[in-house]
Every structure is written in structure tokens, then in C-alpha cells.
Amino acid sequence: MSKKILILNGSPRPNGNTAALIAAFTEGAQSAGHTVTRFDLSRMKIGGCLGCCGGGKNPDLPCVQKDDMTLIYPAYREADIVIFASPMYYWGFSGQLKCAIDRLFAVAELDPNYRNPIKTAGFLMAAEDNLPNTFEPIRFYFNSMVQNLGWTSCGCVCAGGNLEAGVILKKPEQLAEARALGESL
Ligand SMILES: Cc1cc2nc3c(=O)[nH]c(=O)nc-3n(C[C@H](O)[C@H](O)[C@H](O)COP(=O)(O)O)c2cc1C
């Protein structure tokens with residue numbers, strides 16, 4: 001069955017390693033008949049969550065802040081699968097991506113019990129390090145988030161050993177993993 005996939009791209013480098021992972025993943029997903037919508041967060045105006053708990057009143061515009069998240073909310077509502085794509089910044093997602101994730105709370109506020117819309121989720125990440133424990137913190141964070149939201153994980157691609165923009169293009173096995181994840185959905 002064709003699925004709607006939303007990719008939130010937290011990398012600011014248009015020709016970077018995350019972008020290459022996203023391209024390979026998208027190719028795989030589209031070849032399997034899925035629809036992919038991507039938002040390049042670093043080119044959007046997305047403020048940090050204000051913690052005002054004043055959202056959740058209007059399903060179309062759930063947050064009190066009327067910035068570029070208003071473009072993402074409808075795609076998030078429609079999506080079957082959400083893919084978080086990011087470079088590793090200080091063992092976590094980039095700030096651009098974390099800002100967007102925090103702002104999804106306004107959607108949970110639409111439900112009197114703060115229930116989140118149920119999704120399947122995965123993540124794609126490029127990092128400089130490639131040690132046995134490099135991706136432990138992000139895997140723990142992602143798995144905790146998915147579990148607590150009541151979501152299901154569809155998997156992840158953790159691509160270590162990539163510092164300069166585009167070096168991942170010399171690692172076909174990492175790109176093949178991203179393509180395979182897209183194809184598998
Ligand atoms: C602010 C910043 C923080 C970073 N933190 C880490 C880190 O904690 N661990 C790591 O292995 N690489 C780290 N890196 C390296 C990036 O993850 C790596 O260069 C990645 O390939 C960038 O992906 P991109 O090309 O999609 O931007 C950091 C880079 C920057 C700019």
C-alpha cells in the first residue's frame with residue numbers, strides 16, 4: 001500500500017551527507033510507490049517552543065506561533081511515516097530539527113488527553129565519528145521518544161565516518177542502507 005512519508009531534514013548543508021542519505025532513502029521509497037514530502041528546516045523560519053501550553057485550539061493552525069511550522073502541520077497530520085533526518089550535532093539531532101520536534105507538541109494539545117497522532121517513524125543520521133558507541137545516545141533518545149509517543153519504529157540509518165560535506169558519496173554501502181530502508185516501508 002502506498003504510504004505518505006514526511007521527512008524533516010535538520011541539516012543545513014544542501015550537498016551534505018544527510019542530504020545524500022535523504023536522496024537515497026527517497027529513491028527507495030518512491031520506487032516502492034510511496035509519496036515523499038521533505039521540509040528543509042534550515043531554510044524555514046521555525047521558532048523554538050514557547051512552552052505556553054496555549055496551542056491545540058485549531059487543527060489547521062495548532063500552535064500560537066504562526067511561522068513556517070504552519071506548512072509542516074498539514075503534512076504531519078497526513079503522514080503515515082515520519083523520518084527525522086539530521087547530522088549528529090553534539091550526540092543528538094541538530095537544533096533545527098529539535099525545534100520542529102518540540103513544536104509538534106501543539107498537535108498533541110488538540111487532544112484533551114494530549115494523545116499524539118499515531119505514526120511510524122525512523123531516522124537518518126550522518127556523523128563524523130564511527131565508534132561502537134557513537135550512535136548510542138541518539139538511538140536511546142529516538143527509541144524513548146517513539147515508545148513514549150506510542151509510535152512504531154521502522155528503523156534507522158546511522159552513517160558514521162563522514163565529516164566533510166558529501167564524503168558519504170564514497171560509501172555506497174551507507175547509501176544502499178538508506179535506499180533499502182525507503183524500499184522496505
Ligand atoms: C555543530 C556540530 C556538532 C557536531 N557534533 C558531532 C558529534 O557530536 N559527533 C560526531 O560524530 N560528529 C559531529 N559533528 C560532525 C557532523 O555530524 C558531520 O560532519 C556530518 O556528516 C554532517 O552532516 P551534513 O553533511 O548533513 O551536515 C558535528 C558538526 C557540527 C557542525
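The chain is numbered in sequence order, starting from 1. Every number for a ligand or one of its atoms is a count from 1 in the order of the listing.
Looking only at atom types and distance, the side chain of N162 has a donor-acceptor partner in the side chain of Q174 under 3.5 Å away.
Within 4.0 Å of ligand 1, the residues that place a heavy atom are S11, R13, G16, N17, T18, P87, M88, Y89, Y90, W91, A126, A127, E128, D129, N162, L163, listed by chain and number.
Within a 6.0 Å sphere centred on CG of D60, heavy atoms belonging to other residues, nucleotides or ligands number more than 12.
Using a 4.5 Å heavy-atom cutoff, the side chains of M145 and I101 are in contact.
N17 places a side-chain N or O within donor-acceptor distance of the main-chain N or O of V167, the cut-off being under 3.5 Å.
Judged by the 6.0 Å distance and 45° axis criteria, K119 is positioned over the aromatic ring of Y76.
Ion pairing of R103 with D67 is present here, as a side-chain N (NZ or NE/NH1/NH2) and a carboxylate O approach within less than 4.0 Å.
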